[in-house]
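FYI, the numbering just counts along the sequence from 1.
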Amino acid sequence: MLSYRYIARDTKDNKVIKDTISASSEKEAANLLLSQGLSVIEVKEDRDNWWLPADRVSAKQRIIFTRQLSTLINAGLPVGQSLRTIEEQTSSKNLKRIIQFVIADVESGKTLSQSFARWPKVFNQIYVAIVAAGEMAGTLDRSLLRLADQQDKDAEIISKVKGALVYPAIVIVVIIGVIIFLLMTVMPQVKQLYEDLGEQLPFLTQVLVDIADFIGKFWWLLLILAGIGVFLWLRFIKTDRGRSFWDHLKLNLPLFKDLL
């Protein structure tokens with residue numbers, strides 16, 4: 001059952017009512033309100049208090065959903081019934097909620113591809129386009145099966161790349177840790193040693209000592225600036241210009257550009 005916000009007028013006292021109602025579709029919500037003696041002005045899905053699960057549906061869950069849908073449609077079940085069967089069987093609360101919205105859209109007259117298009121972070125443009133092509137050609141089950149197979153291959157490649165990058169990532173973290181340790185512990189001792197000898201520090205050593213002093217005094221400021229920088233960067237790469245810049249940068253990185 002889905003939640004719908006409505007605006008209706010009570011036919012008895014002509015009072016305007018704004019509230020929510022649970023129903024499986026917008027049409028059913030309107031019928032329920034009419035049966036209660038209300039004149040419906042507006043009915044729409046209530047998604048204000050719902051944490052959008054778009055980024056919480058894993059690739060594995062999406063692959064299983066796609067393969068199950070393909071199998072059920074191939075067996076001759078209507079799309080709506082196939083979706084309801086999967087919705088009852090899935091263990092993912094986020095995916096279950098998305099399927100409920102998709103069912104509501106399909107039962108209200110929208111195509112499956114149009115319903116999927118409302119969730120771009122779960123079903124990307126390629127996914128939606130292939131589903132739409134399958135609907136037009138009457139080969140939806142085969143299109144979904146191809147999608148599931150391709151997603152399996154993509155997930156396998158991504159898993160291998162992530163696995164290959166684990167060791168370099170650990171090495172980089174250790175190197176950064178060692179550098180910070182040297183700056184914060186060894187460099188002050190070197191500075192003290194030169195001061196005891198009455199000698200002036202070499203230029204590069206003095207630079208390192210100054211960096212160590214700055215980090216020691218203003219580490220909190222560096223953390224704040226780093227947090228702001230990461231936040232702004234993530235916002236930037238979500239824009240068209242930022243995404244283009246980031247993709248161009250990745251494809252020109254030394255050592256990594258060929259892999260990417």
Side-chain angles (χ1 to χ4, degrees), residues 1-5 20-29 43-163 234 237-238 243:
M1 300 290 283
L2 304 178
S3 179
Y4 290 87
R5 285 188 177 275
T20 60
I21 188 171
S22 296
S24 59
S25 67
E26 186 175 312
K27 183 178 180 180
E28 182 180 338
V43 178
K44 62 181 180 180
E45 293 171 8
D46 178 18
R47 299 175 61 184
D48 294 339
N49 299 322
W50 178 44
W51 32 268
L52 290 178
D55 56 346
R56 299 186 183 184
V57 175
S58 68
K60 182 178 179 181
Q61 292 170 343
R62 186 173 60 251
I63 292 169
I64 293 174
F65 164 77
T66 306
R67 201 174 294 282
Q68 286 178 327
L69 186 58
S70 171
T71 302
L72 292 172
I73 292 176
N74 184 50
L77 272 69
V79 173
Q81 186 177 346
S82 300
L83 290 168
R84 287 195 179 279
T85 302
I86 299 172
E87 185 261 331
E88 292 172 358
Q89 295 177 353
T90 185
S91 59
S92 170
K93 293 181 180 179
N94 297 336
L95 182 58
K96 183 186 291 285
R97 192 67 186 268
I98 290 176
I99 295 174
Q100 290 173 348
F101 276 103
V102 172
I103 291 172
D105 286 341
V106 170
E107 291 182 346
S108 67
K110 293 182 180 178
T111 64
L112 187 61
S113 57
Q114 289 173 335
S115 304
F116 285 159
R118 296 184 59 189
W119 308 95
K121 292 185 179 179
V122 179
F123 308 107
N124 60 30
Q125 291 181 348
I126 295 176
Y127 192 108
V128 173
I130 292 177
V131 171
E135 288 176 314
M136 292 178 64
T139 57
L140 181 57
D141 56 333
R142 281 182 283 173
S143 296
L144 289 168
L145 184 59
R146 291 194 189 99
L147 270 173
D149 291 339
Q150 185 59 48
Q151 288 178 106
D152 263 331
K153 294 177 183 178
D154 293 344
E156 183 180 358
I157 292 173
I158 291 171
S159 177
K160 288 181 178 179
V161 171
K162 286 182 177 179
L234 292 176
I237 62 176
K238 287 183 179 180
R243 191 179 304 111

CA sep, side-chain torsions, deciding dist, call: Val131, Thr111, side-chain contact (heavy atoms from CB on, under 4.5 Å): CA-CA 10 Å; Val131 171; Thr111 64; over 6 Å; no
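- A salt bridge is absent between Arg84 and Glu88; no separation between the charged side-chain nitrogens and carboxylate oxygens falls under 4.0 Å.
- The side-chain heavy atoms of Ile98 and Asn94, taken from C-beta on, include no pair separated by under 4.5 Å.
- Taken to the nearest 0.5 Å, the CD atom of Gln151 stands 7.5 Å off from the CG atom of Asn124.
- Applying the side chain to side chain donor-acceptor pair (under 3.5 Å) test to every pair with at least one member in residues 138-150, sequence neighbours left out, gives these pairs: Arg67-Asp149, Gln150-Asp154.
- In this structure the side chain of Leu140 never reaches within 4.5 angstrom of the side chain of Leu69, judged on heavy atoms.
- Between Ile99 and Phe65 the shortest side-chain heavy-atom distance falls below 4.5 Å.
- Between the side chain of Glu107 and the backbone N or O of Gly80 there is no donor-acceptor pair closer than 3.5 Å.
- Around the CG atom of Leu234, the shell of radius 6.0 Å holds more than 12 heavy atoms that belong to other residues, nucleotides or ligands.
- Distance check: Ser82 OG to Ile73 CD1 gives 5.0 Å after rounding to the nearest 0.5 Å.
- A ring-ring contact (aromatic ring centres under 6.0 Å, His included) check over residues 127-163, counting only residues at least two apart or in different chains, returns the pairs Phe116-Tyr127, Phe123-Tyr127.
- Checked by atom type, the side-chain pair Thr90/Ser92 shows no donor-acceptor distance below 3.5 Å.
- Among all heavy-atom pairs drawn from Glu87 and Lys96, the shortest one is O-NZ, 2.5 Å.
- Remark: Ser70 OG to Leu145 CG distance equals 4.5 Å, nearest 0.5 Å.
- Of all heavy-atom pairs spanning Val128 and Ser113, the tightest one is CG1-O, 3.5 Å.
- Taken from NZ in Lys110 to CZ in Arg118, the straight-line distance is 4.5 Å, to the nearest 0.5 Å.
- Side chain of Gln81 to main chain of Pro78: no donor-acceptor pair is present (N/O by atom type, distance under 3.5 Å, no hydrogens or angles).
- Between Ile63 and Ala148, the closest heavy-atom pair is CG2-O, 4.1 Å.
- Atom CD of Glu135 and atom CG of Leu112 lie 5.0 Å apart (nearest 0.5 Å).
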